[in-house]
2 protein chains.
Amino acid sequence: MSSRTGFAATSSTGVRSETVRSANLSMLLRELHFRGAASRSELVSRTGLTRSSVGALIGELVKLGLVVEMPAASDGSRGRPSPVAIVRSAENVAIAVDVSVDSIGVAAVGLGGVVLTVERIERARDRVSVDATIADIVATVGMVRARLAQQYRILGIGVAVVGLVQRSDNSVAIAPNLGWRDVRFGDRLGAALGHAAPVCVANDADVAALAEIHRGVAVGVDDVLYVWGEVGVGGGLISKGEMITGASGFAGEIGHLPVNPLGRACQCGSRGCWETEVGEGALLQRAGRSRDGGREAVDALLDDALGGVALAVAALNEEATWLGFGLAGLINVLNPSMVVLGGLFDAVYPFVEGRLLDEIKRRALASSFANLVIVRTALGEDALLLGAGELAFEQVLADPLGAIRALTGSAL
Amino acid sequence: MSSRTGFAATSSTGVRSETVRSANLSMLLRELHFRGAASRSELVSRTGLTRSSVGALIGELVKLGLVVEMPAASDGSRGRPSPVAIVRSAENVAIAVDVSVDSIGVAAVGLGGVVLTVERIERARDRVSVDATIADIVATVGMVRARLAQQYRILGIGVAVVGLVQRSDNSVAIAPNLGWRDVRFGDRLGAALGHAAPVCVANDADVAALAEIHRGVAVGVDDVLYVWGEVGVGGGLISKGEMITGASGFAGEIGHLPVNPLGRACQCGSRGCWETEVGEGALLQRAGRSRDGGREAVDALLDDALGGVALAVAALNEEATWLGFGLAGLINVLNPSMVVLGGLFDAVYPFVEGRLLDEIKRRALASSFANLVIVRTALGEDALLLGAGELAFEQVLADPLGAIRALTGSAL
DNA sequence: TGAGTTTGTCGTATCCACGAACAAACACAA
DNA sequence: TTGTGTTTGTTCGTGGATACGACAAACTCA
């Protein structure tokens, strides 16, 4: 069904002509934000709008302080040179926050996706309460902001949390590793920061997936399955270029796909969940190590495997088999054109590739496997912060005029 | 993220003012098609458009022959009565086709979702070739059309096929039960029917899900998991009110979710697929019956269970357990707000309900289970035809003016 | 029968993109 | 250096589409 008319069909709200303006502004800003600086003539050909329209629209974005135009330098080609429009990264920032168990990361991300400043603080396991977390975030945001020299405004605040996040109200339904339950985290953090910019909270795997489709290996890919492993396993599901959130925002909990009826108990209450077979603990245990050795233990295990230690190799083989078992199922269910592996799975990939692909090929439908690409993440440690930045920018990108107007104290 | 601006954000095509007209026409027609007849004043309040706009738009739909207005009867309330707009069902029909293994169904579905005429022909297992199928469809369409008295026009042709359908080109990638492989079915059927109306082909489970969200129990529900069982198991995934098709259109093949590492071989080449545990064959075999006894054997089994036959009860209990095992996984992955059970699962539901819910509750995340509703399908045998009708109407609904114009010989 | 209410219709205003005409800025060749 | 051709920004008028206000129409109720 190529029914992409350019409008969302389900919204039963009438469309006025101002909506057109808003949509075109949004489109242009998205273009500059995601695909980088572009000359006006490039924008004309990319958008299909006329020169006059693009001129007026860019003018409005400039007036909003989101974009500047460079004075039209000659690039050697014939004809009058076109001024290059570019987002004002340094002046329009998002505060990106990554709430993990062992650390809290905060970054100022400039429009366009540039990480301007990063601060990460480690924290003890007894400082993961909601209040302590918020206090730590506020302090770290202060550090980040102190290091920003120029004048700037904050367009939004994006937060990635290790837990189930209810997207409708930015609340955390449950975060087992933090001991949180039904916390209106977005509201509370917003109040604590005391800033006008909207706060948007999401699950960490979803945020990582967002980073991957906007700034990573999956740029331009419409149907992506992002799989992230560590102690637990999380996933981000992208369909038609958009996140599948599910009814409450809990979609993507692929770590709790039951795969082994005879498996071991999972912390979620079930047993035989995928993450009990492919999580860090299972891998380490199979290699005869302590389940909670963490990333260092995994690295040691991989060294062993390189050295040919049989137990390590066997453990990785079993990891590959179970990884393929679960992935094949998800591929059959979702038919993605790309699977992106992150975290633990990124690390072990070189050791499991052959067996993993065999297992997937054996279990996935041939038609779905045919056009599938499996890749490792291209983003480093800042993936979550990049994604949280995109989360924060989403509102401005969707409606530049409205969002900037909403920031009343936005006199740049 | 409530970034529903009314426009699709990713489309990098400029929006012109004609697009506004098209979107509003589409919206009004959708309203009348899905929610039934409505007075002009109702439409005004539902869409947020002004009286003048609604008047003009309805006028255009009338001119296109899609809608008629009833002469404004008084309904007892104060004020000037508003004329009621209603779709012209009898004059605007879709040809809906259901290609199953044992039979072919063809219906004429009127705009608004009224089934005007149905014909179903049984066919032998040796008449499932592509050519024979197309011939049978053409003949049956002829029978259906002969029974339509009034003058009418065909707006589209929707086809549900038991197999993997590539949505981009309406081709069937593989249909094991029919022995088809890489068949450009849409194009060939269109040519054979020799009609101007566009042909749209989709997987049968997807089509059934479409029927369910538009005309069944899932009307108005945005995130739905439709699960359909028979010999095989299929699924239709709805996210934010739209079908998740996957990159090629193969998404929803939940029957091939691996669930049992020690399971039996599946026809897909893998082993331990969900459908080898919950399909008709498995249920019958566990009850000591022949695997391919078909629906009659299942009914007999259910009778046995009612009579307290131990083997039948045990088989149903095991069915419940495995059904819950797979459903829990899908619920964790997709976080739907409603699961709809069809076919075999609809039939066995009264016998498995308790154990099924227990199993899901045990294995699904509490947060995802909390707001979940599990229901049986509300649609009878014609579900596939209703869904195929919606498939066919989609283009007209998305762009009434353009679609009608494209039907050049559309002089009603 | 008249007052009050709700709704359709018509003309005007507004918003927005398009298109044509013109000017500006460049490369290239004589 | 100058002129030509090319590409692009700008300005202004036009057309499409909805909003808004005024007025007429149709109905209920007292």
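To find a chain, count down the sequence lines: A is the first, B the second, and so on, and within it residues start at 1. Given the structure is predicted, the values throughout are model-derived calculations rather than measurements.
At C:dG8, one or more side-chain N or O atoms of B:Arg40 fall inside 4.0 Å of OP1 or OP2 (strictly under the cut-off). Side-chain nitrogen and oxygen atoms of A:Thr50 include none within less than 4.0 Å of the OP1 or OP2 phosphate oxygen of C:dA17.
Between A:Leu49 atom CG and D:dG9 atom C1' the separation is 16 Å, expressed in whole Å. In this entry the distance linking CZ of B:Arg78 with P of D:dT28 reads 11 Å, nearest Å. Distance, B:Asn24 CG to D:dA19 C1': 12 Å, rounded to whole Å. A straight line from CD1 of B:Ile58 to C1' of D:dT18 spans 16 Å, rounded to a whole angstrom. In this entry the distance linking CG of A:Asp75 with P of C:dC28 reads 11 Å, nearest Å. With rounding to whole Å, B:Leu57 atom CG is found 13 Å from C:dG8 atom P. Rounded to an integer number of Å, the gap from CD of B:Glu60 to P of D:dG16 is 12 Å. Taking atom CD of A:Glu42 as the reference point, atom P of D:dT7 lies 15 Å away to the nearest angstrom.
Picking from D:dA19, D:dC29, C:dA17 the nucleotide with the shortest atom distance to the side chain of A:Arg21 gives C:dA17. Set against C:dA17, C:dG8, D:dG9, the side chain of A:Arg51 has D:dG9 as its closest nucleotide. Set against C:dA21, D:dA17, C:dC26, the side chain of B:Glu18 has D:dA17 as its closest nucleotide. Nearest to the side-chain atoms of A:Arg80 among the listed nucleotides D:dC27, C:dA24, C:dC28 stands C:dA24.
The residue among A:Ala56 and A:Ser77 whose nearest nucleotide of DNA chain C lies closer to the 5′ end is A:Ala56. Both B:Ser41 and A:Leu25 lie near DNA chain C, and the one whose nearest nucleotide falls closer to the 5' end is B:Ser41. Each of B:Ser17 and B:Gly76 was assigned the nucleotide of DNA chain D with the nearest heavy atom; the assignment lying further toward the 5' end belongs to B:Ser17.
If you check the side chains of A:Ser17 and A:Arg21, you find no donor sitting under 3.5 Å from an acceptor.
Ring geometry, A:Phe393 versus A:His33: the interplanar angle exceeds 60°, so the pair is classed perpendicular (tilted spans 30 to 60°).
Of the candidates A:Ile86, A:Val67, A:Leu66, A:Leu111 forms a side chain to side chain contact (heavy atoms under 4.5 Å, CB included) with just one, namely A:Leu66.
A heavy-atom distance below 4.5 Å is not found between the side chains of B:Arg215 and B:Leu210.
A donor N or O paired with an acceptor N or O is found under 3.5 Å between the base of C:dG19 and the side-chain atoms of A:Ser52.
Within the model, atoms CG of A:Leu57 and CG of A:Leu49 stand 6.5 Å from one another, a figure rounded to the nearest 0.5 Å.
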